[in-house]
Protein chains: 2
Amino acid sequence: MSPTLEEVAQIAGVSRSTVSRVVNDHPNVRSETRAKVQEAIRESGYRPHSVARSLATNRTRIIGMVIPESVTTIFTDPYFPLLLRGATESCSAHQYQLLLSLFTSRDEENEMYERVLLNGYLDGIVVSSAPRGDTLITRALDDGIPAIFIGRHPDQSVPYVDSDNIGGARMAVEHLIRLGYHRIATITGRQDLSSGKDRLEGYQQALRIHAIPLDERLVAPGDFTQSSGTDGMRKLLPLRPDAVFVASDSMAIGAMKVIREADLRVPDDIAIVGFDDSPSALAVEPPLTTVRQPIERMGAMAVEILLSRLDGMGREPGQGPALTNRVVLPTELVVRASCGIG
Amino acid sequence: MSPTLEEVAQIAGVSRSTVSRVVNDHPNVRSETRAKVQEAIRESGYRPHSVARSLATNRTRIIGMVIPESVTTIFTDPYFPLLLRGATESCSAHQYQLLLSLFTSRDEENEMYERVLLNGYLDGIVVSSAPRGDTLITRALDDGIPAIFIGRHPDQSVPYVDSDNIGGARMAVEHLIRLGYHRIATITGRQDLSSGKDRLEGYQQALRIHAIPLDERLVAPGDFTQSSGTDGMRKLLPLRPDAVFVASDSMAIGAMKVIREADLRVPDDIAIVGFDDSPSALAVEPPLTTVRQPIERMGAMAVEILLSRLDGMGREPGQGPALTNRVVLPTELVVRASCGIG
DNA sequence: TTGTAAGCGTTATCAT
DNA sequence: ATGATAACGCTTACAA
């Protein structure tokens, strides 16, 4: 459809190389020639062919966003749209594109790894929400594919962006403690995800700081889904906690339903704090006190860091300052009615 | 990193073409040769280089999912994750990949159109949630880029997948009518989106069918956001409707907050029906009666249709039956407590 | 059945 | 400053 470099060259009466130089803004072109070529480009409607360019440069300007199978149950969380939006915005800003890979099975993950990752179509990947034990990112790194993780990763060599789940959870629980609650329970997130583990860790830290003994029975395991929130709350109810720190807003909403059905009131009978500050935190009654994390910024930063690394691999020696490879973004407590006013 | 076809050929003691044939499962290869080559492939860890292949075949096996700027305010709706999941699943099934393009401005849209769409990196695109007047899809079609729309599109030449918004809305309102409500208001969605327009159309149809005169004051304009739901309901409240059909669950939740704040009860004082059956429909109290649309299937079908078209353009003359180019998937009324039990 | 060779549209090196 | 020319790794007539 679009003419090739060669055809433009003919029109302008120069060589293909010269046209290429003009297209790529190389300095060494006489401005007369440049003008002539630009005219020919306009006239012919020339568009550079990205695939050909990629073959020659070994760069596609496409990075992958990879989300493993296991989170499929919580994929409707606003978390993912926000992450994607942050990531695509950073991509756009640098004229990169984002390829989305979701897996519904480990087999698919492997198949995709082979077919897409090792085949040169991606300049790098960001891996989000992978459970502990998922080897995708370390495999990629080992295979020399630039990669970054979203969430905390234990492996030294893995760069990542995370939000301060521990600090956020601790903040939330300490807030409850300050408010005078004594019997503070928690419904945890998936323990195979760093976010789930860290939010539990934050809960434990807060108790420890305030010398409150940890009662294991007050720790109900959840998996971030709303229904696991209802299950968790049902287990907790007979133990009569006066407050519950729930590791996600979805679960908190499930928990509040159970409380309501038991004819108890939030926060009068049981105070609730969630995590995420998702839009639904405002939809429930009473509005949910929750911990906000900068999801969009996490997506954006992950891409920025990845790209800075890619540029570092390019010819031009580091134009920007090298970004560090581990970033933990602060979380923030958003106080609403569900935790009481003290 | 990975060896080339040529190197594999050397190892196997055959020509590059033969290796290519084996890689691509061409029939005319002696099985001995095939075995020899396969061994060489295994031994050498050969991976076909997608970019090179794309240059030769003029196919990338990548399709774009394009979502225009304007929906950015409702992007956290579960709608988008579900759509993306459906789309990526269909892609995976055919060994295609999905490239995600979100725009935050019309300029970005144009820039991306030029840079990505016209430059050969995409075999086709699916455009979702574009407002009336957005020319991206027609432009693509005009430029010979296979494309499909999600939502209804007025232009004859534009293939699309939509859900039955009109029917769903009509069903919802007729349900309210059957339940005995007389003064049924509506909060509309964005009228520049076909879904918003069609849901209003369905509301009007239901009234017409039951010979209920349309009271324009009972039609409150919304834009699908929760806050527009609260605004709409505030306008409606003084008019004392006994039921409201709200064109999205998010808006319905906003509306319910207003009702609650006015010390009125759902459904006793005002019945509410939403649209989407998003997870939050279950989070509110009382649970929301709503119209379910098969979002994930829409994403999947859009991709299927697009790919069937792409194959049709390939060498092999139509292996599957040609899929029609306009599909409207059925919606379904999910009755819960918010509309009363009659 | 297999090999030869001509593309695909760029970039990049090396002369000039 | 510009032009040849050799890659980049693959597919695909066409020949043998």
Side-chain angles (χ1 to χ4, degrees), chain A residues 1-38 40-41 44-62 115-116 118-123 314-316, chain B residues 1-38 40-41 44-62 115-116 118-123 314-316:
Chain A
M1 290 256 29
S2 162
T4 74
L5 225 38
E6 190 62 47
E7 306 180 59
V8 177
Q10 302 237 328
I11 298 180
V14 297
S15 79
R16 187 169 58 205
S17 326
T18 301
V19 181
S20 175
R21 289 193 188 96
V22 171
V23 169
N24 293 291
D25 282 327
H26 278 247
N28 294 342
V29 180
R30 206 160 32 124
S31 57
E32 275 181 50
T33 319
R34 181 182 302 276
K36 204 170 46 178
V37 169
Q38 275 163 343
I41 288 175
S44 63
Y46 169 79
R47 304 265 132 221
H49 192 291
S50 310
V51 176
R53 186 177 270 181
S54 290
L55 183 59
T57 59
N58 202 26
R59 295 295 201 89
T60 59
R61 303 192 79 85
I62 299 178
R115 208 185 71 247
V116 183
L118 294 180
N119 291 7
Y121 244 116
L122 260 27
D123 286 350
R315 286 122 200 77
E316 346 257 326
Chain B
M1 291 258 30
S2 162
T4 76
L5 223 39
E6 189 62 46
E7 306 180 61
V8 176
Q10 302 238 325
I11 298 180
V14 297
S15 80
R16 186 166 61 207
S17 348
T18 301
V19 180
S20 175
R21 289 192 189 97
V22 171
V23 169
N24 293 291
D25 280 329
H26 278 250
N28 293 342
V29 179
R30 206 162 32 129
S31 57
E32 274 180 50
T33 318
R34 181 182 300 277
K36 204 168 47 179
V37 170
Q38 276 164 342
I41 289 176
S44 64
Y46 169 78
R47 304 266 132 220
H49 192 291
S50 312
V51 176
R53 184 179 272 180
S54 291
L55 184 58
T57 59
N58 203 27
R59 296 294 201 88
T60 59
R61 303 193 78 86
I62 299 178
R115 207 185 71 246
V116 182
L118 294 180
N119 290 6
Y121 244 116
L122 260 27
D123 286 350
R315 288 119 200 79
E316 346 258 328

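All chains are named by letter (A, B, ...) in the order of the sequence lines, taking the proteins before the strands, and each is independently numbered beginning at 1.
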Minimum-distance nucleotide (side-chain atoms of B/His49 versus D/dG3, D/dC14, D/dC10): D/dC10

Euclidean distance, atom NZ of residue B/Lys36 to atom P of C/dT1 [Å, nearest integer]: 14 Å

Any donor-acceptor pair under 3.5 Å from B/Ser50 side chain to A/Gly120 backbone: no

For B/Leu5 and C/dC8, give me the distance from atom CG to atom P, rounded to whole Å. 19 Å

Given C/dT13, C/dT10, D/dG9, identify the nucleotide with an atom nearest to the side chain of B/Thr4. D/dG9

Scanning both residues in full, the closest heavy-atom pair of A/Val51 with B/Tyr121 reads N-CE1, 4.0 Å

Choosing from D/dC10, C/dT10, D/dG9, which nucleotide comes nearest the side chain of B/Arg53? D/dC10

Would you mind reading off the distance between B/Glu6 atom CD and C/dG3 atom C1', rounded to a whole angstrom? 11 Å

Run the side-chain contact (heavy atoms from CB on, under 4.5 Å) check on B/Val19 and B/Val23 step by step: do they pass? CA-CA 6 Å; B/Val19 180; B/Val23 169; 4.2 Å; yes

In terms of heavy-atom contacts, A/Gly45 and A/Pro3 come closest through O-CD, 3.9 Å

To the nearest Å, give me how far apart OH (A/Tyr121) and P (D/dC10) are. 13 Å

Are the side chain of B/His26 and the backbone N or O of B/Asn28 linked by a donor-acceptor pair below 3.5 Å? no

Please list, in numerical order, the residues of residues 28-35 of chain A that have a heavy atom closer than 4.0 Å to any atom of DNA chain D. A/Asn28, A/Val29, A/Arg30, A/Thr33

Counting N and O atoms only, with roles assigned by atom type, does the side chain of A/Asp123 sit under 3.5 Å from a partner on the main chain of A/Thr60, one being a donor and the other an acceptor? yes

Toward the 5' end of DNA chain C, by each residue's nearest nucleotide, A/Ser2 or B/Val14: B/Val14

Report the end-to-end axis angle of the helix from C/dT1-D/dA16 to C/dT16-D/dA1; each axis comes from five terminal pairs, and the value is rounded to 10°. 40°

Over all heavy atoms of both residues, which pair between A/Asn119 and B/Pro48 is shortest? Give the atoms and the distance, please. CG-O, 3.2 Å

Report yes or no: does A/Ser20 contribute a side-chain atom to a donor-acceptor pair with the main-chain N or O of A/Arg16 at less than 3.5 Å? no

Using atom CZ of A/Arg16 as one end and atom C1' of D/dA4 as the other, report the distance to the nearest whole Å. 9 Å

May I have the distance from A/Leu55 (atom CG) to D/dG9 (atom P), rounded to whole angstrom? 7 Å

Side chain of A/Arg21 - closest among D/dC10, D/dG3, D/dC14: D/dG3

For C/dT11, does either OP1 or OP2 sit under 4.0 Å from a side-chain N or O belonging to A/Thr57? no

Determine: side-chain N/O of A/Ser15 to OP1/OP2 of D/dG3, distance under 4.0 Å, yes or no. yes

C/dT1 P sits how many Å from B/His26 NE2, rounded? 13 Å

Are OP1 or OP2 of C/dG3 and a side-chain N or O of B/Ser17 less than 4.0 angstrom apart? no

Looking at D/dC10, I'd like to know if its phosphate oxygens (OP1 or OP2) sit under 4.0 Å from a side-chain N or O belonging to B/Tyr46. yes

Any base atoms under 4.0 Å from B/Asn58, or only sugar-phosphate, or nothing? Heavy atoms, all strands. nothing

Any side-chain N or O of B/Thr18 below 4.0 angstrom from OP1/OP2 of C/dT2? no

Minimum heavy-atom separation for B/Lys36 to B/Ala12, with atom names? CE-O, 3.5 Å

List the steps and the verdict of side-chain contact (heavy atoms from CB on, under 4.5 Å) for A/Val37 and A/Ile41. CA-CA 6 Å; A/Val37 169; A/Ile41 288 175; 4.0 Å; yes

Length of the CD-P vector between B/Gln10 and C/dT4, whole Å: 12 Å

